[in-house]
Amino acid sequence: MKTNGEVYEWLNRPTKLLYDIKAKMRIAEEIRSCMLPSAIRYDKDKVVTSYGTNADPMAEFTARVEVIQKEIAELQLQRLTAICELTDVFAELNDRERDVMSRYYISRKSIATIAREMHYHKRWVYDARAKGIEHVKDKLLNTAQKCTKNDLLC
């Protein structure tokens with residue numbers, strides 16, 4: 001990772017994955033709503049598709065929900081992995097930077113909330129976060145350089 005944009009993207013992965021999880025959950029709920037009794041027409045026969053086979057829409061909805069549930073589980077695992085990676089990198093920062101970075105990127109607290117909780121001025125929190133980002137960038141660059149030199153360790 002060379003650019004600040006890539007570092008910010010790496011730092012914000014857990015949040016992006018959380019948004020993806022919530023979007024998938026909304027889609028699953030929309031599909032489930034099609035399975036509610038009010039959405040079922042009991043006076044109709046099974047649907048005849050263009051292939052000429054009888055299809056049960058409930059089975060199709062259930063299969064779609066199952067696929068989405070698997071995708072959600074995969075995204076949750078990816079999010080957990082991303083949080084663990086952040087925690088490992090943050091562990092190498094000094095105490096104040098680690099606290100600010102953890103509260104901002106993992107707990108998703110605002111700068112004002114972090115400043116209030118830590119009893120610091122907001123400017124100090126911004127500065128600590130900026131220093132933390134630079135240190136994270138250095139750690140990621142060092143890790144990338146070690147991996148290219150000795151691929152057996154990565």
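In what follows, every heavy atom counts, from backbone to side chain, and hydrogens, waters and symmetry copies are set aside. Positions are given from 1, in the same order as the sequence printed here.
One finds the NZ atom of Lys137 at 12.0 Å from the CG atom of Asn142 (value rounded to the nearest 0.5 Å). Taken to the nearest 0.5 Å, the CE atom of Met101 stands 11.5 Å off from the OG1 atom of Thr87. To the nearest 0.5 angstrom, Lys122 atom NZ is 9.5 Å from Thr113 atom OG1. Annotation: the span from Glu134 atom CD to Arg129 atom CZ amounts to 11.5 Å, rounded to 0.5 Å. Between the CG atom of Leu93 and the CD1 atom of Ile133 there is a distance of 10.5 Å, given to the nearest 0.5 Å.
Residues Tyr19 and Ile106 fall into different hydrophobic clusters, defined by Ile, Leu, Val, Met, Phe, Trp and Tyr side chains chained together at heavy-atom separations under 4.5 Å.
For the pair Glu29 and Arg32, the salt-bridge criterion is met [side-chain N within less than 4.0 Å of a carboxylate O]. The pair Arg98-Asp95 counts as a salt bridge, with a side-chain nitrogen and a carboxylate oxygen less than 4.0 angstrom apart. Look at Asp20 and Lys16 and you find a salt bridge, because one of the NZ, NE, NH1 or NH2 atoms lies within 4.0 Å of a carboxylate O, short of that distance.
Residues Glu97 and Ala128 share a closest heavy-atom pair of CG-O, 3.8 Å. Considering all non-hydrogen atoms of both residues, Leu18 and Arg79 come closest at CB-NE, 3.5 Å. Closest approach of Phe61 and Ile31 over heavy atoms only: O-CG2, 3.7 Å.
Partners of Tyr120 by ring pair (Phe, Tyr, Trp, His ring centres under 6.0 Å), not counting sequence neighbours, listed by chain and number: Trp124.
Using a 4.5 Å cut-off on side-chain heavy atoms (C-beta onward), Leu140 and Glu85 make no contact. Tyr105 is not listed as a side-chain neighbour of Trp10, based on a closest heavy-atom distance of 4.5 Å or more. The shortest distance between side-chain heavy atoms of Leu11 and Phe90 falls below 4.5 Å. You'll find the side chain of Pro14 reaches within 4.5 Å of the side chain of Leu86, heavy atoms only.
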**Item:** Derivation and outcome, side chain to side chain contact (heavy atoms under 4.5 Å, CB included), residues Val136 and Lys139
**Value:** CA-CA 5 Å; Val136 166; Lys139 302 270 186 226; 5.6 Å; no
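Heavy atoms of other residues, nucleotides or ligands lying less than 6.0 angstrom from CD of Glu9 number 12 at most.
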Output a table of donor-acceptor pairs, distance under 3.5 Å, between side-chain atoms of residues 67-78 and any protein atom two or more places apart or on a different chain; print 'none' if there are none.
residue: Glu71; atom: OE1; partner: Lys24; partner atom: NZ; Å: 2.6
residue: Glu74; atom: OE2; partner: Gln78; partner atom: NE2; Å: 3.2

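No donor-acceptor distance shorter than 3.5 angstrom exists from the side chain of Asn12 to the backbone of Thr15, with no hydrogens or angles considered. The main-chain N or O of Lys109 is never found under 3.5 Å from a side-chain atom of Arg103 such that the two would form a donor-acceptor pair. When atom types are taken as modelled, the side chain of Glu92 and the backbone of Val89 share no donor-acceptor pair closer than 3.5 angstrom.
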